[in-house]
Amino acid sequence: MIYEGKQKIWSDYQKDIPDDHYFYVRSCIRQSIFPASEMVFLDITRNKLQKDFFETEHHTTCGGIAYHSDAIPQETAMTIIARQFALMHKYGYENYVCSCITSFGLYTETLETWREFPELEAKIKEKLWESCKLEFAKPKYLAHASDIIYKFRNQIAQQAKFKLINKKTGEPLRVVEHIGCHYSKMFPSKGFGGAEYPYVLAGMIEAWGGEVIDYPERRHCCGFGFRQYFVQTNRGYSLSNTHKKFESMEPYKPDMIITNCPGCPYFLDRWQYVISETEGKTYGQDGHGIPVFTYEEVAGLVLGYDPWDLGLQVHQVGVEPLLDKMGIPYNPENKFKGLNNKDLGRPELPSCASL
Amino acid sequence: MEERIAGGYDPFVLPFMIGIVFILTYLLIALIRIICIMPKSDRKRLGLSLLKPKIIYKNIKDIFGDCLLHLKIFKCNPLLGYMHASIAFGWFMLIVIGHIEVALFTPQRNGIIYYPLFYRYFVAEQTPTPKGSLFFFLMDFFLLIVLSGIGLAMLKRIRSSALGMKRTTKPCVADRIALYCLWAIFPLRLLAEGFTAEISGGGFLTKSTNTLLANFFGNDINVLPMWWAYSIVLGLFFLALPFSRYMHIPTEPLYILLRNAGIKPSHPRKGIAEAEIYSCSSCGICLDACPMNTQKKNIKYSSVYFIRFLRKNNTQKTNEIADKCLMCGKCVAACPVSVDSCALKQSQRSTITNKLPYNYSFLNDVTIHSETHISDINAQSGSDNNNVLYFAGCMTHLTPAIIKSMTSIFETVKEKYVFADKDGGICCGRPLILAGRTDAAKEVIEKNRELVRNSGCKTIVLSCPICMKVFKEEYNLQGVTILHHTQYINNLILQGRLKLNKSEESFVYHDPCELGRGCNIYNEPRNVISAIGELKKADKEKDKSICCGGSLGSLTLDYADRTQITRESLQALTIENPDKIVTACPLCLKTFGDQSDTPVIDIAQAVADNIK
Amino acid sequence: MTGFGYSLTPSSRINLDDKDKEKWNKLIDLEPDVLKCMACGSCTASCTAGIFTKTSLRSAILYLQNGQEKQAMEYVKSCLLCGKCFMVCPRAINTRHLLLSISKIYTLK
Amino acid sequence: MKTDLYKNYIKNANTHRMNNNVIIIGGGPSGLEASAQLHKMGYKVFLIEKDSQLGGHLAKWDRLFPDSIEAKSILENILENINGVKYFLNTEVESITLLDKEYNVILSNGTTIPATAILVACGFDLFPAEKKEEYGYGIYDHVITNADLENWFKTGLDDRIVKNPKRIGFVHCVGSRDEKAGNRYCSKVCCATAVKQACEVKEAFPDAEVFCFYMDLRMFGKGYEELYLKAQKDYGVRFIRGRVSEVAENIDKQLVIKAEDTLSGKPVKVTLDLLVLMAGMKNCVSSAKIANLFSLKTDEYGFFTGKDSIYKLQYSNKEGIFHAGACTGPKTLPESLHEARAAALAIDNYIKSLE
């Protein structure tokens with residue numbers, strides 16, 4: 001792998017991200033599965049980076065899951081999106097930041113479609129007024145939340161308490177970055193680094209001391225694929241795709257996986273457990289799985305947040321070996337304690353892949 | 001004549017005796033082995049055949065004609081025929097007359113095996129008698145005949161072209177020993193009898209030899225050494241015989257018996273095959289017959305070498321040659337011993353290909369195209385049973401001109417026919433047989449037979465000679481007339497159902513291997529062509545016709561070599577500059593069509609073009 | 001082990017890294033013409049058995065090239081050796097010998 | 001006396017040739033050949049080459065399809081005939097003015113040349129293979145282009161080619177017939193080049209397996225189909241009908257190729273030790289500048305358009321300016337040479353017509 005070659009591509013795929021004042025919208029899936037991630041994101045950006053992030057309870061789903069499952073027509077999805085943009089406008093913002101990759105992809109797709117087909121934009125404008133009586137507006141900048149962390153990765157590195165470095169050996173951790181398919185595969189120019197060698201997560205890893213792993217199936221989908229997971233008979237297919245990725249990354253002995261999509265960490269994490277149960281195979285060291293994180297979780301760890309405050313206890317693959325490697329202190333007893341030390345109960349211990 | 005040596009024995013007979021005892025024992029064991037290895041049905045067949053007067057007559061005729069007089073070689077090459085006949089028949093007569101001598105003059109020595117051979121040494125005529133002179137003359141006469149044959153044989157070895165052979169076989173070591181012994185036997189006999197003639201008396205040859213030699217060498221010292229030499233050479237010959245090509249001398253009569261009994265080889269080394277391969281005299285006539293041999297590199301694939309390697313059990317070589325052969329049958333037609341090397345090669349292929357897996361379960365679903373074609377509804381049509389079943393065959397579907405012509409002929413004569421494989425049928429099975437896959441072929445044949453039987457047709461017309469051969473030989477369709485379209489058209493002409501214009505065009509007819517040598521159909525196509533134009537002669541015709549090169553017989557012959565054969569064949573066809581080349585096989589038509597400068601058409605096309 | 005009601009789906013991908021070259025090389029030795037195929041499909045189009053089955057020399061060669069021996073045999077097992085494919089092959093591939101050779105080599109244990 | 005008269009006659013008949021300058025832009029095969037022809041006719045020829053050597057791509061090539069003639073020998077043949085032609089290396093056209101049927105051309109080296117006719121023969125550039133990011137040219141260690149391979153054939157120097165490669169792949173149509181790469185056209189020569197190079201590389205590494213991934217095999221010229229057969233029969237090159245869509249590098253730095261074997265309708269994966277990208281032809285980098293300076297018409301890809309595509313291909317839309325070779329579209333070498341001769345004749349006729 002010739003690093004200079006990649007750098008050239010990275011320099012070709014850059015985009016403008018405003019410095020401040022963002023309208024932030026959450027992700028349906030992440031709110032339920034990785035709730036702490038969005039909390040940490042807002043905490044970091046607001047309190048550590050001193051940025052203005054606004055969010056409103058009136059924000060709804062973008063309709064992406066229904067759209068990609070062919071449950072709603074495009075116009076419906078577009079009208080929902082137009083409403084989110086209208087809310088942003090209503091609250092006086094023009095920089096739209098979303099937490100979800102599916103949403104990001106759909107927003108990009110919608111904006112591009114409107115650009116190509118102005119008559120469709122006009123129609124949606126009308127529909128928005130008919131249904132919500134809101135004023136149509138388009139964001140000046142559209143960014144994914146990972147773009148924000150990417151933009152401020154070096155500031156985060158300056159405030160870092162821990163690095164993506166094996167504290168014992170001093171060597172950088174080997175990190176697999178997995179980019180959500182809808183981040184840049186549809187519109188390569190809309191993502192940092194383009195579609196072939198996206199830089200958005202790789203940049204964070206580099207800035208925080210880790211080493212990026214380039215494995216053959218790095219481009220492959222996590223296996224979610226919407227319909228492949230939603231329909232139970234198809235789940236074997238979803239599983240097989242995840243399996244393919246792990247088989248491909250195995251020789252590189254990754255220490256961790258970082259993702260920037262709602263579905264990916266979920267499937268890369270949960271399917272490791274299923275593979276270990278059905279195939280008897282694990283991909284991490286000593287019979288463990290490879291811990292999977294969202295980029296906010298990693299940013300949080302680097303900045304010294306308590307692992308259990310980051311919600312790492314809800315991961316299927318135990319994160320403790322990684323915390324040990326990075327030298328992050330944690331109290332094992334607190335792992336399953338919720339608010340006010342309320343016992344959350346312990347998961348039935350899987351036969352492998354977890355701690 | 002009276003016995004000269006008391007006891008009728010001399011040690012010099014010993015080498016001969018060793019030889020003769022060895023060879024007789026060997027032959028007996030070999031015979032028992034062949035009979036034992038033969039499938040039971042074949043044994044039964046052989047036994048029954050030996051009781052049938054018709055076959056007995058044919059056996060005697062063939063043994064005389066083929067083994068002694070070599071009439072087949074005579075037919076194609078008189079000088080070569082004479083060479084073979086003089087040695088075989090001459091020697092045979094020497095033995096027969098020798099025995100008569102013993103029986104007449106020294107009946108007390110009857111049954112002593114060496115006695116007739118060394119008769120002149122043991123017996124002398126003190127006073128000339130007419131009877132004695134007659135025998136002296138007869139024996140000398142046949143000896144002379146044999147010697148003349150030996151002389152020609154030596155000439156052939158030195159210059160094969162002198163005897164009309166382009167090539168001759170390369171002998172192996174045992175062949176050489178036996179050959180030189182054979183060459184030496186009769187001159188030595190002449191010398192031995194010559195030196196002895198002063199004592200024993202002799203005829204025109206021995207007596208004059210005596211006169212000539214006595215002057216130079218003196219008699220007494222040479223008599224015994226010459227008899228010793230004669231005996232030793234004979235003994236050596238017999239010892240070398242089983243390992244040499246001359247094994248054909250004792251084997252051929254057995255092969256004739258087996259062949260006439262109608263037995264066919266099922267394995268390249270069992271039963272009749274064993275007799276067949278030892279019947280090959282390695283004469284090399286097949287070398288010139290083989291169409292592949294216009295290229296020197298292919299000579300090693302000739303039948304004679306195939307049989308030689310078969311004898312040596314060299315499986316690799318036999319497989320290689322068997323796979324290369326075009327199976328055109330030219331060598332079989334030319335073989336003086338009628339060794340069916342194609343059948344042997346086919347069974348050699350079977351040893352491998354019959355083991356290969358196949359799955360013909362699809363055959364169950366195959367049905368015949370059942371639509372009856374009646375060109376004119378007012379036409380007089382007999383009962384359904386008189387329907388003609390037209391089976392074009394796989395290859396014919398690649399030559400739509402044949403199908404179109406046949407359809408037009410059927411319509412012209414208002415034939416009520418069923419076009420069996422109009423929408424494609426299954427293969428006839430012959431290509432499988434040619435590849436040695438006889439077991440697989442059986443399934444296909446069975447299915448086709450069922451289809452033909454179910455159609456209820458009493459006549460089947462075939463356009464492909466490959467189908468023709470297998471239909472005739474393997475299909476067992478009693479009550480159904482099997483006709484190739486050449487025969488069918490010829491019948492139509494003879495019956496007056498088809499009226500043709502005689503054109504100004506001249507045609508040459510190419511005999512397809514499978515139709516000519518395969519089915520013995522030579523005259524019908526020629527009659528048909530004569531009815532539509534002038535029939536010109538080809539350089540090689542009928543059973544000497546050269547394969548078109550497209551044969552399905554060869555498994556490994558490459559395209560360049562095939563093309564060479566095609567050119568060769570076309571050259572032989574066009575020596576008289578015919579306007580068109582006519583053939584009767586879709587494969588020949590397509591193969592020639594690709595290479596020929598002269599237009600090539602099928603006989604059906606030629607006929608359809610000239611319908612009145 | 002826990003059952004989930006679904007499991008890994010087997011891959012349909014051809015992995016040329018895993019191809020058994022030994023048999024393929026043997027086939028080339030026996031009938032080098034196999035290399036000449038340009039996948040025109042003439043053989044399949046005119047195949048006698050092809051009317052009733054999926055017999056296709058073109059496909060068989062392709063599958064063998066890809067190392068999928070079992071599938072390849074499906075395309076030749078019903079061949080009648082009639083030789084039409086030899087007549088129509090634009091590259092004069094000795095198809096009948098190739099078919100026999102395929103059967104010979106790929107059924108050897 | 002008689003010969004003198006004759007010579008005189010000839011001299012008079014061709015005075016138009018001696019009095020007129022012709023400028024030829026581009027020192028590749030067609031520019032050189034046209035120079036040689038015009039020079040022989042008696043014109044004063046000025047050849048302008050932006051590179052530091054003459055010969056264009058031909059000078060960088062090792063052998064030529066279909067019968068592997070050495071490129072060097074062809075170039076030597078061409079160069080033999082340009083003695084007496086004035087040429088400038090490392091030089092480009094700076095400006096041009098038209099003064100009464102005569103062009104005044106100023107070169108980057110400051111020279112000013114008046115010319116009656118100008119032949120544009122600026123040729124083509126190889127498609128920059130790194131633009132097809134998915135193939136990883138300039139990123140993976142063992143991916144090279146057709147030009148790199150030719151250079152290796154010539155010099156034996158290229159670190160990217162390992163000592164004993166087990167498997168080598170060729171990707172046809174890199175940057176050709178590709179809407180995404182902006183080139184819908186077929187580059188014409190890459191198929192034959194790939195097949196030629198496949199044979200040559202097999203000669204260099206007899207134990208290697210060689211794969212050619214093609215969409216359509218366009219072996220259109222005399223001897224090309226035979227070359228294809230030879231590659232299959234004598235070199236055992238495996239042709240797979242399917243375009244490589246993804247290349248990845250594994251931990252051993254080998255290349256993992258994904259394509260579809262479209263003939264069996266199945267995805268194919270193969271691991272290679274060397275991947276050769278058949279970069280197609282694109283318009284020359286300076287063609288836009290030339291087109292601008294001379295007001296010449298180009299097609300959507302930047303290739304010059306002749307007056308028509310069949311009969312007047314050598315004539316540009318401007319009086320006195322002509323085209324030859326690959327500057328009007330992908331051409332084979334013999335075509336370029338023939339066009340050069342045709343252009344020379346067209347120029348001669350044009351200048352004659354001015355008298």
task: Decide side chain to side chain contact (heavy atoms under 4.5 Å, CB included) for C:Met38 and D:Glu225; before the verdict, give the C-alpha distance in whole Å, the side-chain angles of both, and the deciding distance to 0.1 Å.
output: CA-CA 11 Å; C:Met38 55 174 173; D:Glu225 182 64 21; 3.8 Å; yes

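The 12-atom threshold is not exceeded at NZ of D:Lys166, counting heavy atoms of other residues, nucleotides or ligands nearer than 6.0 Å. Dense packing is recorded around CG of C:Asp29, with more than 12 heavy atoms of other residues, nucleotides or ligands lying under 6.0 Å away. Crowding of D:Lys72 atom NZ: a count of heavy atoms from other residues, nucleotides or ligands under 6.0 Å not exceeding 12.
Nearest heavy-atom pair, C:Asn66 versus D:Ser264, reported as atom, atom and distance to 0.1 Å: ND2-OG, 3.9 Å. The two atoms that bring D:Gln232 and C:Lys36 nearest to each other are OE1-O, 3.7 Å, heavy atoms only.
Residue contact with chain C, scored on non-hydrogen atoms closer than 4.5 Å, involves the side chain of D:Arg167 exclusively. Contacts between C:Ser12 and chain D at a heavy-atom distance below 4.5 Å involve backbone atoms as well as side-chain atoms.
The most heavy-atom pairs under 4.5 Å with chain D, out of C:Gln68, C:Lys21, C:Lys19, come from C:Lys21. Heavy-atom pairs under 4.5 Å with chain C peak, among D:Ile240, D:Leu272, D:Ile257, D:Leu229, at D:Leu229. Note on D:Lys233, D:Lys258, D:Arg238: by heavy-atom pairs under 4.5 Å with chain C, the leading option is D:Arg238.
Formation of a donor-acceptor pair under 3.5 Å by the C:Asp17 side chain with backbone atoms of D:Thr271 is found in this model.
We find the CZ-CG distance between D:Phe211 and C:Leu16 to be 5.0 Å, quoted to the nearest 0.5 Å. Atoms CG and CZ, from D:Leu263 and C:Arg58 in turn, are 5.5 Å apart once rounded to the nearest 0.5 Å.
Using a 4.0 Å cut-off between a side-chain N of Lys or Arg and a carboxylate O of Asp or Glu, C:Arg13 and D:Glu260 do not qualify as a salt bridge.
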